[in-house]
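So the structure is just underneath, and the comments pick up after that.
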Amino acid sequence: MYSKNMFSLEGKTALVTGASYGIGFAIACAFAAAGAKIVFNDINRELVEKGLASYREKGITACGYVCDVTDEDAVNSFVKRVEAEVGEIDILVNNAGIIKRIPMTEMTAEDFRKVVDVDLNAPFIVSKAVIPGMIRRGHGKIINICSMMSELGRETVSAYAAAKGGLKMLTRNICSEYGEYNIQCNGIGPGYIATPQTAPLREKQPDGSRHPFDQFIISKTPAARWGSPEDLMGPAVFLASEASDFVNGHILYVDGGILAYIGKQP
Ligand SMILES: NC(=O)c1ccc[n+]([C@@H]2O[C@H](COP(=O)([O-])OP(=O)(O)OC[C@H]3O[C@@H](n4cnc5c(N)ncnc54)[C@H](O)[C@@H]3O)[C@@H](O)[C@H]2O)c1
Ligand SMILES: O=C(O)C(=O)C[C@H](O)[C@H](O)CO
């Protein structure tokens, strides 16, 4: 039955990883506006303090913790601490991520592993830590932040594409394994979004003109612009709320139409 409040997150606790700024911060702000209690983590104290100040500026009381999502022991203690100090985690967003833009034949195996560790192994580690509680309580929402690179390749991003393609399949597998416990695991595949991660792709040229990649993205995007972190707010609230209770194992691409478009004829 349709109800006006089916997008409400009132009474829910949401953990968004790596959410001091950027996409994670915007998603957490949207969850707070929908009524959820917000917990986030980041890699060091300085980033967590910066994040706490940004949430305060928006009038949001968020709980911030230092935790490296690639460290399984640290994640397990962090999740226990959150459950004791804030509440049981109803919604998890695996947002923390990194990219290294290096041609594959020049990339060290160590760099490749580091990207896969943060972008793929960590969502496995954090999801594994929260799923048992979700099963006990009979409900849970997991949202994995995927990418255009869950579907497409391009020069220099082999590790990132391998990890984000893997994250798409981890999403489908969590849905397959735990859907019967009323856990929905879906992905959001953002297009090109203006955040610090993509700042090098938008740097102005020495003569003040646009970066060629910046022009390329605008020409490849039917919406003819970069996305903003705020563009992900509505889709994230939908996938965190009861409005999406029968949506499972799906990747919702929020890309201004990139994946639908063959590109302009030269
Ligand atoms: N910006 C884009 O165009 C875009 C598009 C598609 C997907 N994404 C994905 O969205 C997510 C957020 O991207 P963003 O652009 O906001 O990135 P960002 O670099 O601006 O922010 C990433 C956040 O993750 C944190 N982080 C990194 N490693 C961590 C670790 N080991 N433990 C805990 N926190 C860690 C960072 O400190 C930072 O707060 C990433 O997974 C990214 O791959 C970004
Ligand atoms: O292609 C790149 O260099 C990127 O930075 C990829 C973007 O961050 C994003 O994941 C595209 O969806």
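Both ligands and their constituent atoms are indexed starting at 1 by order of listing.
Near Leu47, with a cut-off below 4.0 Å to any heavy atom, the atoms of ligand 1 are 37 (O). Annotation for ligand 1: atoms under 4.0 Å from non-hydrogen atoms of Gly191 are 3 (O), 5 (C), 6 (C). For ligand 1, the atoms closer than 4.0 angstrom to any heavy atom of Ile145 are 9 (C), 10 (O), 11 (C). Within the listing of ligand 1, atoms 5 (C), 6 (C), 7 (C) sit less than 4.0 angstrom from a heavy atom of Pro190. Those atoms of ligand 1 with a heavy atom of Lys164 less than 4.0 angstrom away are 9 (C), 40 (C), 41 (O), 42 (C), 43 (O). With ligand atoms numbered from 1 in the order given, ligand 1 contributes 20 (O) to contacts under 4.0 Å with heavy atoms of Pro196. Close contacts between ligand 1 and Gly22 involve ligand atoms 16 (O) [criterion: under 4.0 Å to a heavy atom].
When hydrogens are left out, the protein atom nearest atom 4 (C) of ligand 2 is Ile99 CD1, 3.4 Å; that is the closest non-hydrogen contact. Among protein heavy atoms, atom 19 (O) of ligand 1 sits closest to Gln197 CB, 3.6 Å. For atom 5 (O) of ligand 2, the closest non-hydrogen atom on the protein side is Arg101 NH2, 2.7 Å. At the top of the distance list for atom 35 (C) of ligand 1, counting protein heavy atoms only, stands Ala96 CB, 3.6 Å. When hydrogens are left out, the protein atom nearest atom 8 (O) of ligand 2 is Gln197 NE2, 2.7 Å; that is the closest non-hydrogen contact. Among protein heavy atoms, atom 7 (C) of ligand 2 sits closest to Tyr192 CE2, 3.8 Å.
For atom 37 (O) of ligand 1, the candidate residues are Val126, Val75, Asn41, Asp42; the nearest heavy-atom contact is made by Asp42. By heavy-atom distance, the residue among Tyr192, Phe25, Tyr160 lying nearest atom 43 (O) of ligand 1 is Tyr160. Considering Met148, Arg154, Lys100 only, the shortest heavy-atom separation from atom 2 (C) of ligand 2 involves Arg154.
A cation-pi arrangement, defined by a distance under 6.0 Å to the six-membered ring centre and an angle within 45 degrees of its axis, is absent between Lys100 and Tyr160.
The proximity of Asp68 to ligand 1, defined as any non-hydrogen pair under 4.0 Å, involves the side chain as well as the backbone. By the criterion of a heavy-atom distance under 4.0 Å, neither the backbone nor the side chain of Ile99 is placed next to ligand 1. The proximity of Val69 to ligand 1, defined as any non-hydrogen pair under 4.0 Å, involves the side chain as well as the backbone. Heavy atoms of Ile23 found under 4.0 angstrom from ligand 1 belong to the backbone as well as the side chain. Of all the heavy atoms of Cys146, the ones lying under 4.0 Å from any atom of ligand 1 belong exclusively to the backbone.
Remark: ligand 1 and Thr70 share no N or O pair separated by less than 3.5 Å (distance only, no angle test). Where the criterion is an N or O separation shorter than 3.5 Å, residue side chain and backbone included, Leu201 fails it with respect to ligand 2.
Heavy-atom distances between Ala19 and ligand 1 stay at or above 4.0 Å for every pair.
A single hydrophobic cluster is not seen to contain both Phe31 and Leu15; linkage of ILVMFWY side chains at heavy-atom distances under 4.5 Å, directly or through other members, places them apart.
If you run ring pair (Phe, Tyr, Trp, His ring centres under 6.0 Å) between Phe40 and each of Phe78, Tyr55, Phe25, only Tyr55 comes through.
Taking a cutoff of 4.0 Å between a charged side-chain nitrogen and a carboxylate oxygen, Glu151 and Lys164 do not qualify as a salt bridge.
Ring geometry for His211 versus Phe213: interplanar angle over 60°, hence perpendicular rather than tilted (30 to 60°).
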